[in-house]
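Only heavy atoms go into these numbers, but all of them, side chains included; no hydrogens, no water, no symmetry mates. Note that ligands are numbered from 1 as they come in the structure, with each ligand's atoms numbered from 1 the same way. One is the number of the first residue; the rest follow in order along the sequence.
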Amino acid sequence: MEPKTESHSRSSKHRLTVQILIGMGIGVVVGLALNLFLGTIGETTGQLIRKVAVDGVFRLAGQVFLALLQVLVVPLVLVSLTCGTAALNDVRRLGRIGIRTFGLYLMTTAIAISIALFAAVLVGPGRGFGLDSEATFEAATAPSLVDVLIGIFPKNIFQSLGEGNMLQIIVFAILFGLALTMAGKAGERILAFLNDVNEVIMKLVWIVMVLAPYGVFALIARTFSEQGFAAFAPLAKYFVLIVAVLFFQLLVVYPALLKVFSGLSPRPFLSKMREVQVFAFSTASSNATLPVTLNTVEKHLGVKNSVASFTIPLGATINMDGTAIMQGVATVFIAQAYTMGLGLTDYLMVILTATLASVGTAGVPGVGLIMLSMVLKQVGLPVEGIALIIGIDRLLDMIRTAVNVTGDSAVSCIVAKGENAIDIDTYHRSLSELEKEDS
Ligand code: ASP
């Protein structure tokens, strides 16, 4: 009896990953078909279909799924990171992990934007637009470093939790975790309880994953049915260039960094990231993807909770390599479109500001574009240039978010390897074997 149940659960679990990919594929096809079809039929019928299918069923299923994912984020980060910190039980080691993680996040972002700038200057996606600037768009301004630092520390933890302020929650969870280890028997009791809560939340993540094929389908079908493709033609070069650099970061830069900094083989990493990337693609939000990223990094790549629970939420908040790539290409694109030159200092300034802007970019849809205004302002480019690219940004947002979460996971593996906090056996084992144990 036993083996039969196991093999059944393995095949059904393995099917889930495939089903999520199928859900995404069908979502793209149905969305695109609707987009084309709705333009060819009469207005009343078109409106009715849009109301019932796109804004009715798809919206309902997509938003409910997104809410289920998002509701897990805050409790998961709080509990998981508290347990992770308590398990480390070593302030010096915690500090070392923090510095390494932060350094690697800055480095991957700086590499990403440098490649993006180089490629954009080479290809020239904005040449020939010949626009004049009338400067009307309001740019976002960068807060001072002191304000940023003050803002990390929570004054009211319930407010931080309510707002989902990730950096404040991270600070609180670390302090709470440290206090637990110093509080003797009382600390041990609470820690045992929190470890149990953590297990239960991870089961909740699994429940939401079971709904993922439908949720992913609904989110993607709705986005693609609304995406007007006429806007793409004049920006084809810009779009293709960003996608090419995003794939370069994904398939060349991360594998190389993994190999050089940790000696880990990139193959298992890339194949196991697929599920996380589909979630990031369909939600366009690193934050909403966080439960899935954490699950994959811990359960499928073997990173210990003590490292993953810190690196992954921090990465979802401050590490946005894909976003930085878009900002690099967009800056050069806008400079070329308005025939304004950029000098070497300007490029260095773009690298610096975009890297810092990526730290300040929350992992939610569309923020990257808002932060772009900060970068443009820094080098004196017309911020209204954003209007040129906003029409096609949603699809780029989806793809770059997939890169953002992959970067977080790569750094997590590198840091874990350096700390001897990764189970190499799990890292190399196939997904179907691991999923069998998971269920
Ligand atoms: N959507 C991106 C993320 O959540 C941020 C952005 O580029 O707008 O990672």
Report, in ascending order of atom number, the atoms of ligand 1 lying under 4.0 Å from any heavy atom of [X].
| X | answer |
| --- | --- |
| S286 | 3 (C), 4 (O), 9 (O) |
| A284 | 1 (N), 4 (O) |
| G368 | 6 (C), 7 (O), 8 (O) |
| D397 | 1 (N), 2 (C), 6 (C), 7 (O), 8 (O) |
| T323 | 5 (C), 6 (C), 7 (O) |
| M320 | 9 (O) |
| G366 | 8 (O) |
| S285 | 4 (O) |

Legend entry - Polar contact flag for T401 and ligand 1 (N/O pairs, less than 3.5 Å): yes
Inset, instruction - Please say whether V367 places an N or O atom under 3.5 Å from an N or O atom belonging to ligand 1. - result: yes
Inset, instruction - Report the relative orientation of the aromatic rings in F281 and F224; use parallel for angles under 30°, tilted for 30 to 60°, perpendicular for over 60°. - result: tilted
Inset, instruction - Just let me know how M326 lines up against ligand 1, side chain, backbone, both or neither, with a heavy-atom cut-off below 4.0 Å. - result: neither
For the pair [X] (side chain) and [Y] (backbone), establish whether a donor and an acceptor sit closer than 3.5 Å, ignoring hydrogens and angles.
| X | Y | value |
| --- | --- | --- |
| Q327 | G368 | yes |
| R400 | A324 | no |
| T296 | T293 | no |

Whether the [X] and [Y] side chains hold a donor-acceptor pair (N or O, under 3.5 Å, no angle test) is what I'd like checked.
| X | Y | value |
| --- | --- | --- |
| T109 | N319 | yes |
| Q277 | T406 | yes |
| D408 | S286 | no |

Inset, instruction - Would you check, one step at a time, whether the test side-chain hydrogen bond (donor to acceptor under 3.5 Å, both in side chains) holds for Y105 with D321? - result: CA-CA 8 Å; Y105 280 155; D321 303 341; over 6 Å; no
